[in-house]
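This report refers to the structure that appears directly beneath it.
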2 protein chains.
Amino acid sequence: MTPDPALLETTRCLCLASRRAARTITREFDQALRPHGLRATQFTLLAALHLAGPKSIGELAELLSADRTTLTRNLAVAEQHDWVVLRAAPGDARSRIAAIKHRGTRALAAALPAWRETQRGLGEKIGAPAAASLRKLAGGPCTAAPSSSKPERIPRKRLSKSRAAIRHQTNHPVNR
Amino acid sequence: MTPDPALLETTRCLCLASRRAARTITREFDQALRPHGLRATQFTLLAALHLAGPKSIGELAELLSADRTTLTRNLAVAEQHDWVVLRAAPGDARSRIAAIKHRGTRALAAALPAWRETQRGLGEKIGAPAAASLRKLAGGPCTAAPSSSKPERIPRKRLSKSRAAIRHQTNHPVNR
DNA sequence: TACATGTACGTGTATCTACACTTATCTACG
DNA sequence: CGTAGATAAGTGTAGATACACGTACATGTA
């Protein structure tokens, strides 16, 4: 099987690059925040809520450039930790407003030094230009990225294998 | 609740920036690859296997700067799609070698034009300097990022609430 | 050779991410 | 007022990510 030379260009994939960078950076922050009981995602969520004040789920999703349903799940986690509270919007029964709670603020404050140190170290390691570039890529400080128009939904091809529990069954001799 | 001004700096969080960028970019690639039945992660995985040839799970994890157990799961998905095959290493019964299969190569080839177009468009949109910076951040083309020393494992704080099925129970009036 | 140690990997659990679909509510217009 | 269309959100499903822990195998040393 001769590797297609045309595939060489895939080593420059920007998606891979962004994901690798995010994985590596996230691991570092998660490590640093671990003693304080929250991860990077939850830290970000709490910080955003603290700074921006109570926000609906949709607003929060746009603020963080995440899918709305992702925010629903992430907020559920924060709610279980008693970091945030979700209540119906006064004027619109469809909307739910998320607000940070006392415990959330406390967790945030406790984790802040570790975050700051990690942020400082990483900024130093990658250099100011790379940091600036990364922020620019993300769409500025907590500013919604330009989502422009909704792309047409193309259904994803699925396995015929039904949704039969992803058993990850293996034939590995180990652990059998 | 007055927002702590000290938290303003968290809007410059490099972790948030990298994750936001990765989310946005991944969505774009996933959209483009959807008609071909694979996502960015699987595309990357197949491309890496095609270019690098058969590789053990550990090697692959390092190559892609991902956790080894993550690769185990991702490879299981690829295996279910019949894109790759996993077999025991000849010299070492502990190790499993992943190799791309015919169907994997075909899927890769079919998706390549869409990938290329997305890559081109994104590169144009963010500009060459940002693209270069992103690749540098990721650690170069499929070169393992410097993992240096293993950090000490600090156990994560957990909810006392046991692992009681993440029911995401809500008291939202909607959908009841 | 027997055993201590290290290595490669799988599994359980939790979280993060997003698409497809559905429900409830709101708004505009007749 | 009534209803069609728009809007906000929840749920089912699937995949991506990684930590904690356990198992099987390899290797070096007494």
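Numbers restart at 1 for each chain; the letters A, B, ... are given by sequence-line order, proteins then strands. Just so it is clear, the structure is predicted and the values come from calculations on it, not from any experiment.
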Of all the nucleotides listed ([options]), which has the minimum atom distance to the side chain of [X]?
X: B/R34; options: C/dC16, C/dA20, D/dA9; result: C/dA20
X: B/S56; options: C/dA20, C/dC9, D/dA8; result: C/dC9
X: B/R68; options: D/dT17, C/dC9, D/dA9; result: C/dC9
X: B/T70; options: C/dA18, D/dA16, C/dG12; result: D/dA16

Between atom [atom1] in [X] and atom [atom2] in [N], what is the gap in whole Å?
X: B/D67; N: C/dC16; atom1: CG; atom2: P; answer: 16 Å
X: A/H81; N: C/dA14; atom1: NE2; atom2: P; answer: 10 Å
X: B/R87; N: C/dC9; atom1: CZ; atom2: C1'; answer: 17 Å
X: B/F29; N: C/dA18; atom1: CZ; atom2: P; answer: 15 Å
X: A/L33; N: C/dT15; atom1: CG; atom2: P; answer: 15 Å
X: A/R27; N: D/dC19; atom1: CZ; atom2: P; answer: 7 Å
X: A/L60; N: D/dA8; atom1: CG; atom2: C1'; answer: 14 Å
X: B/E28; N: C/dC19; atom1: CD; atom2: C1'; answer: 17 Å

List, with names and distances, any nitrogen or oxygen atoms from the protein found under 3.5 Å away from nitrogen or oxygen atoms belonging to nucleotides 2-6 of chain C.
{"from": "C/dG6", "atom 1": "N2", "to": "B/R94", "atom 2": "NH1", "distance (Å)": "2.8"}

#### Entry: Pairing residues for B/R19 by the side-chain hydrogen bond (donor to acceptor under 3.5 Å, both in side chains) criterion, not counting sequence neighbours
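Partners of B/R19 by the side-chain hydrogen bond (donor to acceptor under 3.5 Å, both in side chains) criterion, ordered by chain and then number, come out as A/T26, A/T41.
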### Query
With sequence neighbours left out, what residues match A/T69 under side-chain hydrogen bond (donor to acceptor under 3.5 Å, both in side chains)?
A/D67
Any [X] side-chain nitrogen or oxygen under 4.0 Å from OP1 or OP2 of [N]:
X: B/Q42; N: D/dA16; result: yes
X: B/N74; N: D/dT17; result: yes
X: B/S95; N: C/dT7; result: no
X: B/T72; N: C/dG10; result: yes
X: A/R96; N: D/dG10; result: yes

Does any donor-acceptor pair link the side chain of [X] with the base of [N] at a separation under 3.5 Å?
X: B/R73; N: C/dG10; answer: no
X: B/T69; N: D/dC19; answer: yes
X: B/R20; N: C/dT17; answer: no

### Message
Quick check on DNA chain C: between B/R19 and A/D92, whose nearest nucleotide comes earlier from the 5' end?
### Response
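Upstream on the strand: B/R19.
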[X] side chain near [Y] side chain, heavy-atom distance below 4.5 Å:
X: B/R23; Y: A/T70; answer: no
X: B/D82; Y: B/H102; answer: no
X: A/T105; Y: A/W83; answer: no

Which atom pairs, one a donor and one an acceptor, fall under 3.5 Å between side chains of residues 120-134 of chain B and the rest of the protein, sequence neighbours left out?
{"from": "B/R120", "atom 1": "NE", "to": "B/E117", "atom 2": "OE1", "distance (Å)": "3.4"}
{"from": "B/R120", "atom 1": "NH1", "to": "B/E124", "atom 2": "OE1", "distance (Å)": "2.9"}
{"from": "B/R120", "atom 1": "NH2", "to": "B/E117", "atom 2": "OE2", "distance (Å)": "3.0"}

### Query
Between A/D30 and A/I97, who's closer to the 5' end of DNA chain D by nearest nucleotide?
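Its nearest nucleotide lies further toward 5', so the answer is A/I97.
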### Task
Could you pick out which residue, A/R23 or A/G58, lies toward the 5' side of DNA chain D when each is mapped onto its nearest nucleotide?
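Final value for this comparison: A/G58.
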### Residues that B/R116 engages under salt bridge (charged side-chain N to carboxylate O under 4.0 Å, His left out), provided they are two or more places apart
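For B/R116, the residues satisfying salt bridge (charged side-chain N to carboxylate O under 4.0 Å, His left out) (neighbours in sequence not counted) are A/E9.
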### Query
What orientation do A/W115 and A/F43 show, parallel under 30°, tilted 30 to 60°, or perpendicular over 60°?
parallel
### Task
Indicate, with a heavy-atom threshold strictly under 4.0 Å, whether B/A66 touches base, sugar-phosphate, or nothing.
sugar-phosphate
### Message
Suppose we screen for side chain to side chain contact (heavy atoms under 4.5 Å, CB included). Which residues come up paired with B/A98, at least two apart in sequence or across chains?
### Response
B/L49, B/L60, B/L75, B/L86
